[in-house]
Novice: 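Please find one structure pasted underneath; my questions will follow.
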2 protein chains.
Amino acid sequence: MSRVVKKSAESPAATRIPAAERRELILQAATAVFAERGYAGATTDQVARAANISQPYVVRLFGTKETLFVEAMDRALGKLDESFRRVIAAYDAGALADQVALLDPALGSRRQDRLRQLMAVAYADLIEDRGILMMLMQSFVTGHEPVIGPRARDGFLALYRLIRDEAGLDADAARDFLAQGMLMNTLISLRLPEVYDEEPTATELLECTLRTKLPLVLNASRAHRRVG
Amino acid sequence: MSRVVKKSAESPAATRIPAAERRELILQAATAVFAERGYAGATTDQVARAANISQPYVVRLFGTKETLFVEAMDRALGKLDESFRRVIAAYDAGALADQVALLDPALGSRRQDRLRQLMAVAYADLIEDRGILMMLMQSFVTGHEPVIGPRARDGFLALYRLIRDEAGLDADAARDFLAQGMLMNTLISLRLPEVYDEEPTATELLECTLRTKLPLVLNASRAHRRVG
DNA sequence: TTGACATGTTATCAGTCGATTACTACATTG
DNA sequence: CAATGTAGTAATCGACTGATAACATGTCAA
């Protein structure tokens, strides 16, 4: 693949934008690209094209590809952290009475039972921004990289502590919660939604895992295939 | 890294071995290398070194790196499939009475309840061959590759069908079983066992997830660090 | 206006990697 | 002992990629 083709009309040749904003745009592009291809499989040029700027500029704003990956990973972890904290705060403020009324009573009525279900919904909602969860998954399998690995570990453990200490789940419940999340990540990374219609087994597994959130995920998958 | 250094004494310069045997040795090496670094991150030269032969010979025996990865993946999937089938067959033959006696009665006594626990033990046992589960994990996040992706999907779905149809787990139980497996994969890929002593959070999560199999995993981790 | 800084590009390099080619060495068989 | 096939290596190439250098253009205060 050639690197610089200078497509004539695609978007008006990258208008000038403050560096801080440009960084965020690049991080969004990087999240999508790294999520798709992983750290080693993605190139800084692919990120640059997705962000509609030149490859050297990506490198200059972030120093190295490794730094770019780490920042994209931190951003994804931050979004998840923020999402969970928002649910917890809203629940404790009594702002989720309508959502709580819809929860399955068979799954318990203690605070941790409620929060577990509410956070599961919040997690599934994040799939809509398809890159976030796949970016996390790619981070988790890059554990051998000397800089990325330790930070991925720390981020994962911080999420576990959030679930344990802030949401109050006991160890077994926290483990099961994480396990469901990892299964969702795997199904998404495997692109199972893309064969939802053709594979009856995929249909069953997706329905059983995602429940009411399935249409959301299928839509996100279809949207992705249109642009991809 | 230089490619060919011809270390003087390391192992006697690759004695002649029938191609079929050599292929299996390369597949073992490839499993370890791909498990560690992923498809894009691993090089055929790293595999060659691990197998103690030259890089071109790896390529010649498998054609392409992609084929090598696919064969290593199929081998890992096959080991898991074989392991589960052996448990099921042994249970149905009544050969596991002693192991069944040790199971947690609170988790149910139906055939599917028993098999679920026995297969979980078999799964954790596979961690000892550290590469297998990490190889699978790497396969699952390589879903976008046009050749690897579909085969990874098919392999995963075949495992699900095995659990559903052969072991008889209902959809929810099969999902939970897979979820626990994906969590274990994630913990291993993150190298959490390597910080078991330093991170109290890691300690708790590992103990809660791996239970009686934890010593096995910690030993495998330590053994890996000695040779790595 | 001008200079100083910020935003962004083109050109290019040095290293890496999968793959190919051409070769050597050993074994088996007739 | 040829002859033929099998097991394996050294050398090398072309493509790719992260990073650097040099340059261009826009913005804004004094």
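Chain naming here is simple, since letters A, B, ... match the order of the sequence lines and numbering starts at 1 in each. Only a predicted model underlies this, so the values are computations on that prediction, with no experimental measurement involved.
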Novice: A:Ser221 and A:Glu194: side-chain donor and acceptor closer than 3.5 Å?
Specialist: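 Absent: no donor and acceptor within the cut-off.
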Novice: Pick base, sugar-phosphate or nothing for A:Pro56, based on heavy-atom distances below 4.0 Å to the nucleic acid.
Specialist: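 Here A:Pro56 touches the bases of the nucleic acid.
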Novice: Can we say B:Glu71 and B:Arg75 salt-bridge, meaning some charged N sits less than 4.0 Å from an Asp/Glu carboxylate O?
Specialist: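 Here B:Glu71 does not pair with B:Arg75 in a salt bridge, since their nearest N and O are not under 4.0 Å apart.
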Novice: Rounded to the nearest angstrom, tell me the gap between atom NZ in B:Lys65 and atom C1' in C:dG18.
Specialist: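 After rounding, the reported distance stands at 8 Å.
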Novice: Which nucleotide, C:dG8, D:dA19, C:dC26, lies nearest any side-chain atom of B:Arg16?
Specialist: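 Minimum distance to the B:Arg16 side chain belongs to C:dC26.
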Novice: Answer yes or no: is there a side-chain heavy-atom contact under 4.5 Å between A:Leu25 and A:Ile53?
Specialist: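 Sidechains of A:Ile53 and A:Leu25: no contact.
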Novice: In whole angstrom, give the distance that lies between atom CG of A:Leu61 and atom C1' of C:dA6.
Specialist: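 From A:Leu61 CG to C:dA6 C1': 11 Å.
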Novice: Within the 4.0 Å heavy-atom criterion, would you say A:Ala48 contacts the bases, only the backbone, or no part of the nucleic acid?
Specialist: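 If one applies the 4.0 Å heavy-atom cut-off, A:Ala48 turns out to touch nothing in the nucleic acid.
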Novice: Can you tell me the distance, in whole Å, between the CG atom of A:Leu68 and the C1' atom of D:dT17?
Specialist: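 About 14 Å, once rounded to whole Å.
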Novice: Hey, could you give me the OG1/CZ distance between B:Thr186 and B:Phe140, rounded to the nearest 0.5 Å?
Specialist: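 Interatomic distance, B:Thr186 OG1 to B:Phe140 CZ, rounded to 0.5 Å: 10.5 Å.
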Novice: Let me know the distance between CD of A:Glu21 and P of C:dA6, rounded to the nearest Å.
Specialist: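 These atoms are roughly 16 Å apart.
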Novice: Tell me which nucleotide among D:dA7, C:dT9, C:dA19 gets nearest to the side chain of A:Tyr57.
Specialist: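 It is C:dT9.
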Novice: Could you check which of C:dT9, D:dG26, C:dA19 has an atom nearest any side-chain atom of A:Ile53?
Specialist: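 Taking heavy atoms from C-beta onward, the closest nucleotide is C:dT9.
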Novice: Near DNA chain C, under 4.0 Å by heavy atom, which residues of residues 134-144 of chain B?
Specialist: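 Correct list: empty, so none.
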Novice: Taking for each residue the nucleotide of DNA chain D bearing the nearest heavy atom, is the 5' side occupied by B:Ala19 or by A:Val59?
Specialist: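 It is B:Ala19, whose closest nucleotide lies nearer the 5' terminus.
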Novice: Between atom CZ in A:Arg49 and atom P in D:dC16, what is the gap in whole Å?
Specialist: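 Going from A:Arg49 (CZ) to D:dC16 (P), I get 11 Å.
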Novice: Which part of the nucleic acid does B:Ser54 contact within heavy-atom distance under 4.0 Å: base, sugar-phosphate only, or nothing?
Specialist: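 The answer is base, as B:Ser54 lies within the cut-off (heavy atoms under 4.0 Å) of a base atom.
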Novice: Would you indicate what B:Ala40 reaches in the nucleic acid, counting non-hydrogen atoms under 4.0 angstrom: base, sugar-phosphate, or nothing?
Specialist: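 Contact class for B:Ala40: none.
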Novice: At under 4.0 Å, does any side-chain N or O of A:Arg22 touch on OP1 or OP2 of C:dG8?
Specialist: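 Checking A:Arg22 against C:dG8: at least one side-chain N or O falls below 4.0 Å of OP1 or OP2.
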Novice: Is it the case that A:Gln180 and A:Tyr123 place a side-chain donor and acceptor less than 3.5 Å from each other?
Specialist: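 No, no side-chain donor-acceptor pair sits under 3.5 Å.
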Novice: Out of D:dT9, D:dG18, C:dA19, which has the shortest distance to the side chain of B:Thr64?
Specialist: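 The listed nucleotide nearest to B:Thr64's side chain is C:dA19.
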Novice: Got a second to check how far B:Leu80's CG is from B:Arg85's CZ, nearest 0.5 Å?
Specialist: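 The CZ atom of B:Arg85 is 11.0 Å from CG of B:Leu80, to the nearest 0.5 Å.
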Novice: Could you give the CD-to-C1' distance, from A:Glu66 to D:dA19, as a whole number of Å?
Specialist: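 Nearest whole value for this atom pair: 14 Å.
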Novice: Under 4.0 Å between a Lys/Arg side-chain N and an Asp/Glu carboxylate O for A:Glu199 and B:Arg153?
Specialist: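 Result for this pair is no, no salt bridge flagged.
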Novice: Answer yes when A:Arg191 and A:Glu36 have at least one side-chain N-carboxylate O distance shorter than 4.0 Å, and no when they do not.
Specialist: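 So A:Arg191 pairs with A:Glu36 through a salt bridge.
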Novice: From C:dA19, D:dT9, D:dA19, pick the nucleotide closest to the side chain of B:Arg60?
Specialist: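 Closest nucleotide to the B:Arg60 side chain: D:dT9.
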Novice: Hey, is the side chain of A:Thr44 poking within less than 4.0 Å of OP1 or OP2 on D:dG18, counting only N and O atoms?
Specialist: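 Answer yes for this pair, as a side-chain N or O of A:Thr44 is under 4.0 Å from OP1 or OP2.
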Novice: Starting at atom CG of B:Asp45, determine the distance to atom C1' of C:dG18, rounded to an integer number of angstrom.
Specialist: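 Roughly 10 Å, once rounded to whole Å.
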Novice: Check the distance between C:dT10's P and A:Gln55's CD and give it to me in whole angstrom.
Specialist: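 Whole-Å distance recorded here is 12 Å.
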